[in-house]
Each structure stands twice: as C-alpha cells, then as structure tokens.
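The structure presented is a predicted model; accordingly, all values stated were derived computationally and were not measured.
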Amino acid sequence: MQRTHLFLIVVITILLSFGGAFINLHANAQAVDQNLLNTADLISRLYRFTKNLPCDEFCKYFNGVCNELPNVDVISIVDSKNIRLYHTNNGLIGNEFDGTLPNFQDKDIAFHVVDENGPSGPQRRTYSAIYDDNGEYNGFIMTIILKTSIHSVTEKTILLFMAVTIAAILIEILISSTFSRRIKQKLLGYEPDTFSSMFTIRDNILESIHDGIVAVDEQKNIQFMNGVAKKVLDSDKNEKINLIAENVFVEKFLSKTLQTGQTSSGLQEKTDNGTELLIDCIPVKKGNDINGAVAIIHDRTEYIKLMEDLSGTKYLVDSMRANNHDFTNKLHVILGLIQIGEYDKAVSYIENISIIQRETLSKVMHSVDNPSFAALLIGKIARASECNVKFILKEGLHFKDSDIQLPSEALVTIVGNLIDNALDAMNMKVSLDTVGNASSRELIFGAFTKPGELLISVTDKGCGIPDEIKGHVFENGFSTKGTGRGVGLYHTKQLVESLGGTISFESQSGTGTCFIVSFRQD
C-alpha cells in the first residue's frame with residue numbers, strides 16, 4: 001500500500017513539476033520579449049528629448065539610463081546612416097552598424113524581435129524604428145539581452161523547480177509513511193488486501209453459525225448483525241420498524257455491558273412470535289478501554305430440545321442398566337430351574353416374563369408421546385423390579401405432549417423424585433404378614449392429560465406417613481431417612497409451584513401414601 005501510494009505521489013509530483021517548469025519558461029520567454037519591447041519604447045521616447053544634446057552629455061545620460069535597466073544587457077541607438085549614436089559599450093559609438101537590418105519601410109511594423117549573433121555572442125534583439133515629426137526614417141533603437149542571461153534565468157528556474165519537486169517528494173514520503181503506518185495500525189498491522197480477505201472470511205464464518213450475533217460500537221451503533229440475528233429479531237419488516245427493534249434490543253441488553261464492561265450470560269427474552277431466547281453479552285476491549293459489545297443470541301427451543309434428548313438418553317441408559325441387572329437375576333432363576341430338571345417350569349417362566357416385559361414397554365410407548373418421560377418410566381419400572389416392587393400402570397394412562405406446555409426436564413424431575421420416594425418408602429417396610437410371606441409391595445403410577453390439564457398420581461403400599469410429621473414433609477432438609485436427605489420433596493414442591501401447579505398427598509401409617517400433582521393452564 002505504501003509503495004503504491006509513494007509511486008503515485010512521485011509520478012504526479014514530477015509531472016506537475018515538469019508542467020509548471022514548462023509554463024514558467026514559456027512565460028519567462030514572453031516576459032523577456034515584452035521587456036525588450038518596453039525598453040525600446042522607453043529609449044525611443046527619451047531619444048526624442050535628448051537627440052540635440054552634445055555627444056558627451058548624450059552618452060552620459062544614456063549610460064545612466066542603462067544602469068537603471070538591469071534586465072537589458074545592451075542598448076544601441078543607430079541613425080539613418082547606420083552610425084551608432086550610442087552603445088552600451090561606449091567604444092563602439094561612432095562606428096557603423098554592419099548587422100542585418102529589418103525592413104523599416106513598412107511603417108505598420110513598429111518593432112522587430114529576432115535571434116541574432118553579435119559581438120557579444122548569441123542574443124535576443126529588438127529593433128524599434130525612429131521617425132521624425134514628418135514621418136521620415138531617422139534610424140532605429142536596438143535593445144539586446146544575451147542568451148547567456150536567458151540561460152542563466154532558465155537554469156535558475158529549473159533548479160528552483162527541481163528543489164521544490166524534491167522537497168515536495170520528501171514531504172510527501174514523510175506524510176505517506178506516517179499515513180500508511182497509522183492505517184496499518186488501524187488494520188492491526190495487516191495490508192488492506194489481507195485485511196479485506198480476513199473480513200470476508202469472518203463474515204462467512206459468522207453467517208454460517210446457528211447462533212445470532214449482534215455487535216455494536218461504544219456509541220451503541222450496530223456494526224454487524226448476521227442473518228440468524230435478523231431472523232430471530234424478526235427483521236423482515238420495513239426499515240424503520242427494524243431500526244426501532246434493533247435499537248430497543250441494544251438498549252435493553254448491551255447498554256449495561258458497555259457501561260460496566262462485565263459479561264452477562266443466560267439473559268432470557270421472548271420475542272413477539274413466541275420464540276424464547278438465551279442471550280450472552282460480552283464486552284469488546286482494547287486494553288482497558290471498552291470499544292463495543294457483542295450479543296450472542298441462542299434459540300432456547302433448540303437448547304431445550306437438546307436437553308430433552310440428553311435426558312432421554314440418560315434415562316434409557318439407566319433403564320438398560322436396571323434391565324441388565326433384572327435380566328441377570330432372571331437368568332439365574334432359569335439356570336436353576338434347568339439344573340434341577342424343571343424344564344417345563346423354565347419354559348413357562350421365560351414365556352411369562354417375556355409377555356410382561358413386552359406388555360409393559362408397549363403400554364408406555366403407546367401411552368406417553370414424550371421421549372424423555374417414556375424413557376424415565378421404563379427405567380423406573382426396571383428399577384422397581386430390581387427392588388422387588390411391582391410397578392403398576394393405571395388403566396387409561398395417557399400423556400400427550402401437546403396437551404400441556406411443560407418443560408420435559410421439569411416433568412422428568414417431578415415424576416422421578418416422587419417414584420424414588422415411593423420406592424424408598426416400600427424398602428423401609430420389611431415386616432412379614434401372618435403367613436410368613438413378604439407383605440405386598442406395589443407402586444401404582446398414573447398420568448392423564450387433556451388440553452390444558454395434567455394429573456399425575458404416585459401411590460405406594462409402603463409404611464405411610466405418621467400424622468405427627470405430615471406437616472413437615474415438604475420442609476427443606478426434613479427426612480426420616482437420616483442426615484443429608486430431605487431435599488427431594490422440597491425441590492419438587494418448589495418446581496411444581498413455579499410452573500403454576502399444585503402438589504398434595506394422602507397417607508395412612510402402615511398402609512401407604514398417594515402423591516397427586518396437577519396442572520391447569522388456560
């Protein structure tokens with residue numbers, strides 16, 4: 001960039017200098033001719049008043065005149081007989097002029113300007129005819145400037161222009177260097193073409209990512225907004241509405257970051273079209289100075305979907321682990337039956353467990369259309385089997401995700417905690433009935449939806465909740481299972497109520513407990 005700049009400056013300066021020198025020399029040549037003509041006219045006028053003076057006084061007078069005319073080298077006055085009446089070189093006075101004479105018969109031509117060679121060398125001459133009052137030719141006046149004087153002026157002019165050109169080039173080099181250095185500092189040390197290429201690559205990268213990006217300077221002016229951000233902020237309206245919406249967004253989310261220089265993460269916003277956003281605001285700093293800020297806009301719907309997928313995967317893994325343990329136990333039973341020769345019983349046992357598993361999985365998958373919720377139930381059914389608890393799904397189990405607007409992670413947390421508490425309650429009941437068999441251990445689960453409503457019930461045939469502690473069940477840290485417990489039901493109640501639902505329970509000591517969660521949305 002600097003080399004190109006300097007090349008253009010030097011070339012333009014030299015061309016301007018040559019043009020200026022040419023114009024100046026041409027003007028000097030015209031000025032020389034005009035000066036000779038003016039001098040000849042002046043001498044002609046003076047001659048009319050001094051022609052009758054004695055020779056000594058006449059010569060002395062014009063010597064004084066010549067001393068006052070430094071721009072003319074030679075003045076010569078010649079009479080009609082070509083005898084020099086006056087010459088700057090006084091030694092030539094009285095001698096005959098033997099040079100070439102112009103035609104003075106044409107009275108319409110008062111002056112003649114020519115280049116001649118004389119006793120002093122090459123010169124520029126002006127001839128001016130002298131006529132008396134009757135119009136008779138009386139001689140001529142010759143004014144001369146030597147070529148050496150003209151060349152001296154030309155050389156001085158050229159040297160002056162060369163000096164000015166060199167000085168201009170040096171100054172321009174200094175200015176160009178300073179200017180280029182400052183530009184490169186602004187471009188972080190890169191050449192413009194390199195910086196332009198990097199800028200194009202950056203734009204392509206920022207346009208290709210799935211998050212919205214809005215960048216502003218310290219004056220809150222938007223410097224960049226990628227296509228995703230425009231789409232999220234609904235910038236498909238007219239230009240004026242877009243500008244208002246963008247300025248409102250900047251003022252609401254980036255003003256604080258510009259003022260404090262602190263990063264803000266996880267800010268939430270809901271657009272007019274219902275899209276839920278997560279916004280991270282990051283300051284842009286150069287040293288300790290804040291030069292701007294960047295907002296990264298995430299579509300919360302995508303994050304929720306990802307969390308649901310991860311939650312579903314987690315509970316599927318738990319289900320596989322529990323099923324693996326359960327199947328191992330069943331394989332041991334089958335192996336024992338085969339070893340003792342009870343082949344028919346082994347076949348019957350295998351058929352029964354296959355039917356039960358198939359029916360349970362089929363019922364969950366057909367009744368629950370939320371993958372995370374279904375995966376949770378399958379995992380908990382396997383877990384209940386490990387704990388020797390019969391997991392019963394109520395008749396009419398029905399959960400349709402479109403009926404109720406609840407985050408899947410919240411639904412999984414609520415149901416998971418209630419089922420775990422029910423399993424823990426039945427594990428605490430270890431008494432035997434009168435015939436020596438283990439008392440009934442059943443967990444009955446129901447979930448029912450219709451548009452805008454959800455009802456969840458978890459019933460266990462465990463030890464129940466004594467009357468004296470029923471008022472403390474939802475307190476933070478309260479538990480009958482030892483220290484470090486008592487947070488599950490507390491957090492469940494907080495979560496249910498934060499989502500606009502209610503939670504209650506009924507319990508009878510020694511018989512069991514039923515927790516009921518309900519949501520009603522307009």
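- Shown here for Val228 and Gly212, the closest heavy-atom pair between the two residues is CG1-N, 3.5 Å.
- Using a 30° and 60° split on the angle between ring planes, Phe391 and Phe445 fall in the tilted class, from 30° to 60°.
- With no hydrogens or angles considered, no side-chain donor-acceptor pair links Thr13 and Thr165 at under 3.5 Å.
- By the ring-ring contact (aromatic ring centres under 6.0 Å, His included) test, Phe399 is found to be paired with Phe373, residues two or more places apart in sequence or in another chain being considered.
- The local environment of CD in Gln223 is crowded, with over 12 non-hydrogen atoms from other residues, nucleotides or ligands closer than 6.0 Å.
- Between Phe515 and Phe505, the ring center distance clears the sub-6.0 Å criterion.
- Looking only at atom types and distance, the side chain of Asn421 has no donor-acceptor partner in the side chain of Asn417 under 3.5 Å away.
- Between Lys470 and Asp467 a salt bridge is recorded (basic side-chain N to carboxylate O distance below 4.0 Å).
- The side-chain contact (heavy atoms from CB on, under 4.5 Å) with Leu443 is formed by just one residue from the set Ile419, Ile392, Leu393; it is Ile419.
- Enclosure of atom CD in Gln30 by more than 12 non-hydrogen atoms of other residues, nucleotides or ligands within 6.0 angstrom is indicated.
- In terms of the salt bridge (charged side-chain N to carboxylate O under 4.0 Å, His left out) criterion, residue partners of Lys220 (sequence neighbours excluded) are, by chain and number, Glu251.
- Side chains of Ser507 and Thr513: a donor on one and an acceptor on the other come within 3.5 Å.
- Glu475 and His472 share a donor-acceptor pair across their side chains, judged by distance under 3.5 Å alone.
- Looking at Asp420 and Lys380, a side-chain N of the basic residue comes within less than 4.0 Å of a carboxylate O on the acidic one, giving a salt bridge.
- Other residues, nucleotides and ligands contribute only 12 or fewer heavy atoms inside 6.0 Å of the CZ atom of Phe22.
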